[in-house]
Amino acid sequence: MQGAKQVSQTLSHDIVIVGGGLVGASLGCALAPLIDRYGWRVAIIEGAALPESSQEASWQPSFDARASAIAEGSAQRFRQLGVWEAMQCEAAPIKRIHISERGRLGAARLSAKELGVSALGHVIPNAWMGRVLHRQLQQLPIEWYCPVQVAQLTPQASGHHLMLSDGRELTSALTILADGGRSGLKEQLGISSRRYSYEQTALIAHVGVSQPHQGVAYERFTADGPIALLPLPGQAMELVWTHTSGAEQARLALSDREFLHQLQAAFGDRVGRFTRVGQRFSYPLSLVTAEEPVRPGLAVLGNAAHALHPVAGQGFNLALRSVIDLVEALEEGAQEPRALGDMQTLLAFEQRRAQDRANVIQFSDGLVRLFGYSLPLLSHARAAGLIGLNLVGPLRRSLARRAMGLER
Ligand SMILES: Cc1cc2nc3c(=O)[nH]c(=O)nc-3n(C[C@H](O)[C@H](O)[C@H](O)COP(=O)(O)OP(=O)(O)OC[C@H]3O[C@@H](n4cnc5c(N)ncnc54)[C@H](O)[C@@H]3O)c2cc1C
């Protein structure tokens, strides 16, 4: 995509989205009908260059080597945005989920069939989601500034002033902070965050398996840390192996052969033999929540608003629900009509989000705490929990519907 032309005057926009990652790009796509209806001038500013062609294997911070579990509810939302058909080309459906603990009897199983749905979710490479979303954005009248960083964000009488790293200046009535929370802009604005480090690091990689995975996603709690394996198209799976922070370094440094050997020993042979491993990446895991998700003329979305432990694969799914709710709130505000960035509109949005966000944080954080410690008694409680999960049908169904993003 082309950067905007260099001009000396300050450019004014109705909406500026800071960050064209998974969340910022999804929001851009979701705004299409409102841009059409109200003629809003919308811009996305993205700091990292995007891979120019679909052949190029270079990574961008949001659309990196990870694959994400996309809940059925999110698939429905992508359908609304008109991108699901393309997303599906590289997606693998999750037909069953198998949760177990190595060395213990308990196992919980969930299947799409028993819940009457075609899939419990879908696993899609982040890089592919990025390509599909950006291709869609190219069709829309959205101005795209890339690669350029927002260096400074300053509130002004009606909205914000943005200073870009290449010296350009913009103003916006409504600014959406979707920068992933690592750029320091939130702090610059004085928005504090609650942070809790899990002291855990996720090691992720694509692995080859000798048996067809048949659409089963595994979550296995082992003495070497929780191992999640998500089905990918073909005989491949996405590995998310959680380590106590620091312990992942030794595994990152192993030869492929030794790494596969250790993975096999820790996970067992439910998927047959691990045949190959791609490039390995690591992500330190924390729970971070922004204290003020909205302010006059500003909304904080995605990882900037809430970074979660990936154990339940909920972070982006939650963020996509925020994207849709924000667009609905903006539509209602426009009908009143209220100015873009009006606090009444943003508070209505935040009220819709608060409960869902609290539920998902509690659910993900609760899972980490339940399975994160290795006290013997707790192990029994966990096993009982896993067995119980199989027995208590309505609870299990409700849990599954929540994980699928069909229930809030
Ligand atoms: C190991 C792991 C596995 C996960 N698995 C799942 C899963 O299975 N399912 C799920 O739902 N979620 C999952 N998540 C969570 C999911 O990845 C995040 O919710 C999602 O990436 C958040 O996207 P984002 O766009 O908010 O932030 P990011 O992905 O961090 O994107 C932010 C973007 O903003 C840009 N940017 C930053 N600063 C600036 C600036 N100053 N100016 C301009 N641009 C800027 C960056 O270049 C980047 O493109 C997982 C997370 C991890 C760590």
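One-based numbering, in listed order, for ligands and for the atoms of each.
Looking at Val123, Ile44, Thr242, Val23 and measuring to atom 25 (O) of ligand 1, the nearest heavy atom belongs to Val23. When Val148, Ile17, Leu50, Asp179 are checked for heavy-atom proximity to atom 37 (C) of ligand 1, Asp179 turns out nearest. Here atom 11 (O) of ligand 1 lies nearest to Phe316 when heavy atoms of Tyr283, Phe281, Phe316 are compared. Looking at Gln149, Arg66, His309, Glu46 and measuring to atom 52 (C) of ligand 1, the nearest heavy atom belongs to Arg66.
Looking at Ala178 against ligand 1, only its backbone comes within 4.0 Å, counting heavy atoms. In Ala69, the parts holding a heavy atom less than 4.0 Å from any atom of ligand 1 are both the side chain and the backbone. With a 4.0 Å cut-off on non-hydrogen atoms, Leu185 touches ligand 1 through its side chain and not its backbone.
Atoms of ligand 1 found under 4.0 Å from any heavy atom of Gly302 (numbered from 1 in listed order, with element): 26 (O). Under a 4.0 Å criterion applied to the non-hydrogen atoms of Gly47, ligand 1 contributes the atoms 43 (C), 44 (N), 45 (C). The distance from ligand 1 to the heavy atoms of Arg182 drops below 4.0 Å at these ligand atoms: 30 (O). The atoms of ligand 1 that sit less than 4.0 Å from any heavy atom of Gly180 are 27 (O), 30 (O), 32 (C). Here is the list of ligand 1 atoms found below 4.0 Å of a heavy atom in Gly19: 34 (O), 35 (C), 44 (N). Listed by number with element, the atoms of ligand 1 under 4.0 Å from a non-hydrogen atom of Ser68 are 7 (C), 8 (O), 9 (N).
For residues 224-247, the set of pairs meeting the side chain to side chain donor-acceptor pair (under 3.5 Å) definition, not counting sequence neighbours, comprises Thr201-Ser245, His206-Glu238, His243-Arg251. Applying the side chain to side chain donor-acceptor pair (under 3.5 Å) definition to pairs two or more places apart or across chains, those involving residues 289-305 are Arg194-Glu291, Glu292-Arg295.
Looking at Ser286, its side chain never comes within 3.5 Å of a backbone N or O of Ser197 through a donor-acceptor pair. Checked by atom type and distance alone, the side chain of His309 never pairs as donor or acceptor with a backbone atom of Tyr198 at under 3.5 Å.
A cation-pi arrangement is present between Arg66 and Tyr283 under the rule of less than 6.0 angstrom and at most 45 degrees off the ring axis.
Classification of the His13-Tyr145 ring pair by plane angle, with boundaries at 30° and 60°, yields perpendicular.
The existence of a salt bridge linking Arg195 and Glu187 is confirmed by a sub-4.0 Å separation between a basic side-chain nitrogen and an acidic carboxylate oxygen. The pair Arg352-Glu332 meets the salt-bridge criterion, since a charged nitrogen lies less than 4.0 angstrom from a carboxylate oxygen.
Taking distance alone, with nitrogen or oxygen atoms compared against 3.5 Å, Asn317 approaches ligand 1 more closely than that limit. Close N/O approach between Leu301 and ligand 1 is not found [any backbone or side-chain N/O within under 3.5 Å]. Checking only distances, Val150 does come within under 3.5 Å of ligand 1, N or O to N or O.
Considering every non-hydrogen atom in both Arg96 and Ser111, the closest pair reads CG-CB, 3.6 Å.
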Test Tyr218 against Phe267 for ring pair (Phe, Tyr, Trp, His ring centres under 6.0 Å), laying out the working first. CA-CA 10 Å; Tyr218 295 90; Phe267 185 80; 5.7 Å; yes

